[in-house]
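Please read the structure below before turning to the comments.
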There are 2 protein chains.
Amino acid sequence: MLGHESAIGRLRSQGYRITPQRLSVLDIVAGRSGHIGADEVWSLAKQQHPYVDLATIYRTLQLLKRLGVVTEVVIGNKLHFELADKDNRHNHMVCSVCDTVQTLSPDYLDEFSQRLEQEFGFTPDLDNLTIGGKCAKCQSATTE
Amino acid sequence: MLGHESAIGRLRSQGYRITPQRLSVLDIVAGRSGHIGADEVWSLAKQQHPYVDLATIYRTLQLLKRLGVVTEVVIGNKLHFELADKDNRHNHMVCSVCDTVQTLSPDYLDEFSQRLEQEFGFTPDLDNLTIGGKCAKCQSATTE
DNA sequence: TCCGTAACGGCAAATCACTGCAACAACGGT
DNA sequence: ACCGTTGTTGCAGTGATTTGCCGTTACGGA
């Protein structure tokens with residue numbers, strides 16, 4: 001809803017141009033509460049602006065990701081995006097069986113990431129870390 | 001070096017057939033100390049067996065991954081593989097700047113994964129978890 | 001308001017990973 | 001050693017994402 005105004009400022013202040021295509025993509029991603037697939041962004045964008053190219057969608061989403069405006073989640077073998085809320089960061093747990101996504105507070109990763117930094121000097125990129133695995137439901141289904 | 005004999009046994013005992021293509025792929029991956037890209041496996045395999053198809057390489061690598069013979073590492077946007085040593089499992093930390101790969105004992109993830117299981121019933125797939133981020137070198141380079 | 005220029009978007013082609021299908025070959029049984 | 005069954009391969013095609021090229025456009029400065 002908001003935060004997308006500030007995103008425009010961030011684009012502008014870093015010398016990026018504000019184009020109708022970029023505004024569309026921002027609107028669409030910001031108008032969603034959850035994550036949205038690149039192809040879905042595309043079809044919605046075309047409603048506003050018939051000649052948008054899918055490549056533009058991808059380029060824009062990558063740009064917004066670099067700027068920290070959106071985060072990327074890999075679901076199955078597709079990329080999904082969602083608005084990054086600076087005050088409510090979270091990571092994702094994606095079930096490899098049913099593709100269900102659960103969110104996870106970064107607190108769970110704090111200790112782990114601190115150890116990596118202390119011992120290896122490696123700074124993990126938690127904003128783009130997705131944990132794969134099996135959710136409770138699918139886990140018990142395969143155990144049966 | 002070894003471990004690849006046992007892999008053959010594992011294939012055979014699960015009803016998979018031993019084909020020259022599969023042996024080539026195994027030889028190639030086993031002959032490497034580190035990780036190797038799918039395309040690289042392909043070009044090496046063609047030297048032994050001119051008409052191997054890239055699709056076969058992918059299928060074989062996926063099969064070996066399912067059997068736990070090799071592990072997959074995403075580097076940049078390409079898939080790399082390496083021989084999984086049952087007694088020396090490890091995860092990978094890949095630098096998003098220079099694509100350097102460091103290995104990481106799974107001990108570091110134990111506590112974290114246990115919390116996920118206890119609190120969410122989510123079983124993370126640590127065998128296929130790669131941590132992205134910046135290595136010490138690239139981190140200090142961008143801080144300058 | 002108009003201009004110049006550097007960034008951007010559209011288009012097409014490339015890349016990487018994966019899949020469907022028909023021909024082929026490994027291997028347990030005879 | 002030969003056969004038939006059934007898993008595998010090669011080939012061609014598909015889906016998702018990325019890149020190169022070139023004409024177009026946003027936007028700071030005159």
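A note on names: the letters A, B, ... follow the listed sequences, proteins ahead of strands, and every chain is numbered from 1.
Looking at which nucleotide of DNA chain D each of L63(B) and N77(B) is closest to, the 5′-most match is held by L63(B). Comparing H80(B) and Y16(A) by the nucleotide of DNA chain C whose heavy atom lies nearest to each, the residue mapping closer to the 5' end is Y16(A).
Using a 4.0 Å heavy-atom criterion, one finds that L54(A) contacts the bases of the nucleic acid, with or without backbone contacts as well. Using a 4.0 Å heavy-atom cutoff across all strands shown, R22(A) reaches sugar-phosphate atoms only and no base atom. D39(A) comes within 4.0 angstrom of no nucleic acid atom, judged by non-hydrogen atoms across all strands.
One interatomic measurement links the two molecules: CH2 of W42(B) to P of dT9(D), which rounds to 15 Å at whole-angstrom precision. The NE2 atom of H49(A) sits 12 Å away from the C1' atom of dC8(C) (whole-angstrom rounding). One can place NZ of K78(A) at 14 Å from P of dT18(D), the figure rounded to the nearest angstrom. As a whole-Å value, the separation of R66(A) CZ from dA7(C) P is 13 Å. Rounded to whole Å, atom C1' of dT19(D) lies 17 Å from atom CG of L61(A). Per the geometry, CD belonging to E72(A) stands 15 Å off P belonging to dA16(D), to the nearest Å. Between the C1' atom of dC27(C) and the CD1 atom of I18(B) lies a distance of 11 Å, rounded to the nearest Å. Rounded to whole angstrom, the span from the CZ atom of F81(B) across to the P atom of dC16(C) amounts to 14 Å.
Put simply, CG on N91(B) and CG on L129(B) are 5.5 Å apart, with the number rounded to the nearest 0.5 Å. Within the model, atoms CD of Q62(B) and CG of L79(B) stand 7.0 Å from one another, a figure rounded to the nearest 0.5 Å. K46(A) contributes atom NZ, which lies 9.0 Å from atom CD1 of I57(A) (distance to the nearest 0.5 angstrom).
H80(B) and E40(B) share no donor-acceptor pair across their side chains, judged by distance under 3.5 Å alone. Side-chain polar atoms of T56(A) and Q21(A) form no donor-acceptor pair below 3.5 angstrom.
A donor-acceptor contact under 3.5 Å links the side chain of R17(B) to the base of dT6(D). Between the base of dG7(D) and the side chain of R12(B) there is no donor-acceptor pair shorter than 3.5 Å.
Among dC21(D), dA26(D), dC11(D), the nucleotide with an atom closest to any side-chain atom of D53(B) is dC11(D). Distance from the side chain of T56(A) is smallest to dG9(C) among dG9(C), dT18(D), dC18(C). Comparing dG10(D), dG10(C), dC11(D) against the side chain of A55(B) picks out dC11(D) as the nearest.
Annotation: side chain of S113(B) is in contact with side chain of L126(B) (closest heavy-atom distance under 4.5 Å).
At the phosphate of dT9(D), OP1 or OP2 sits under 4.0 Å from a side-chain N or O atom of T19(B). Remark: Q21(B) is not in phosphate contact with dA25(C), judged by side-chain N or O atoms under 4.0 Å from OP1 or OP2. Dashed line: the shortest gap from a side-chain N or O of Q62(A) to OP1 or OP2 of dT18(D) is under 4.0 Å.
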